[in-house]
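Below is one structure, written out as structure tokens; comments come after it.
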Amino acid sequence: MAEKFNRPDGRELTELRETKAKVGVVPNADGSAMFQQGKTIAIAAVYGPKKMHPQHQQDPRTGQLRCEYNMLSFSVSDRIRPGRNRRAMEISEITKWALEPVLMLDKYPGQVVDVHINIIQADAGTRCAGINAAAMALAHAGIPMKEMVSSISIGKLDKTMVVDLTKEEEDYHEGEGPTDIPISMTPSGKVTHMQLDGKIGVKQLQEAVDMAKVACQNILEIQKKALKDFIEGDKK
Ligand code: UDP
């Protein structure tokens, strides 16, 4: 019998870290949300739809989504140099790809919806937490969406598949080492984003997608509850 794989924080292989979500955390924004997974905390704020500036980027056929992901300098113990870098630019772009397929932006020709994601504390999975927060903030802003998007990182540590990697797990160095597969999905099972950092075979990649499907269903319930709690709180 295979030996049981022990995760550093004692979680089951398919167990999420403690997950919390809250809507309406930035009162001046048109929509906002916080998404926390363990020690990773993302805040998303949505502004718009509004007229696209610079004007030459306006598209008369449709509205556009602009995403900016930023990890704040105090979000990890080694201070990060503030400002744009290649990693932040890449994550901003993939966040846009993950969210765009569910947004009905054709209702806003010539306009833009800005999404600002700030990671205030980072312990891996920040791109997924940012996408989860942004999806809630877009719904809060009232941007018409075909469905929600939920995001999770699936990992392979040596040969064992696990859900929701911590930074300690991302740095695992035994056997085949770590593989990180962030996946974003809609409730109907459409994969809107998938990345792969490491090595994996086809069979285990399919297993990763199946694990993401279950994890994303759990995250969706947390996102929906946060939106419902906000609406009910507003009525009081
Ligand atoms: N990280 C860091 N400094 C950096 C970038 C990342 O300490 O400049 C840490 C941080 O905890 C982050 C983790 O490394 O969450 C994993 O980063 P990765 O690029 O894999 O993206 P993420 O898993 O956060 O989406």
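All ligand and atom numbering here is 1-based and tracks the order in the structure.
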Nearest option to [atom], as decided by whichever heavy atom of [options] sits closest:
| atom | options | result |
| --- | --- | --- |
| atom 14 (O) of ligand 1 | K167, Q195, E168 | K167 |
| atom 23 (O) of ligand 1 | G125, A88, S151 | G125 |
| atom 12 (C) of ligand 1 | S153, A42, A124 | A124 |

Checklist entry - Of all the atoms in ligand 1, which lie at a distance below 4.0 Å from a heavy atom belonging to A122? => result 10 (C), 11 (O), 15 (O)
Starting from [atom], what is the nearest protein heavy atom, named by residue and atom, and what distance separates them?
| atom | answer |
| --- | --- |
| atom 17 (O) of ligand 1 | R87 NH2, 3.4 Å |
| atom 7 (O) of ligand 1 | V76 CG1, 3.4 Å |
| atom 8 (O) of ligand 1 | I80 CD1, 4.0 Å |
| atom 4 (C) of ligand 1 | M71 CE, 3.9 Å |
| atom 20 (O) of ligand 1 | E170 OE1, 3.3 Å |
| atom 25 (O) of ligand 1 | R127 NE, 2.8 Å |

Checklist outcome for this item: Looking only at heavy atoms, the pair that brings L105 and Q64 closest together is CD1-C, 4.0 Å
If we count only N and O atoms by modelled type, under 3.5 Å, do the side chains of [X] and [Y] hold a donor and an acceptor together?
| X | Y | result |
| --- | --- | --- |
| Q121 | T40 | no |
| Q36 | T19 | no |
| T166 | D123 | no |
| H193 | Q195 | yes |

Next on the checklist: For T126, which part has a heavy atom under 4.0 Å from ligand 1: side chain, backbone, both, or neither?
Outcome noted: both
Checklist entry - So is Y69 polar-close to ligand 1, meaning N/O to N/O under 3.5 Å? => result no
Item to check | Side chains of E68 and D114 in contact at under 4.5 Å (non-hydrogen atoms) | outcome: no
Item to check | Among R87, R127, K96, E93, side-chain hydrogen bond (donor to acceptor under 3.5 Å, both in side chains) partner for Y69 | outcome: R87
Checklist entry - Does D106 CG have over 12 foreign heavy atoms under 6.0 Å away? => result yes
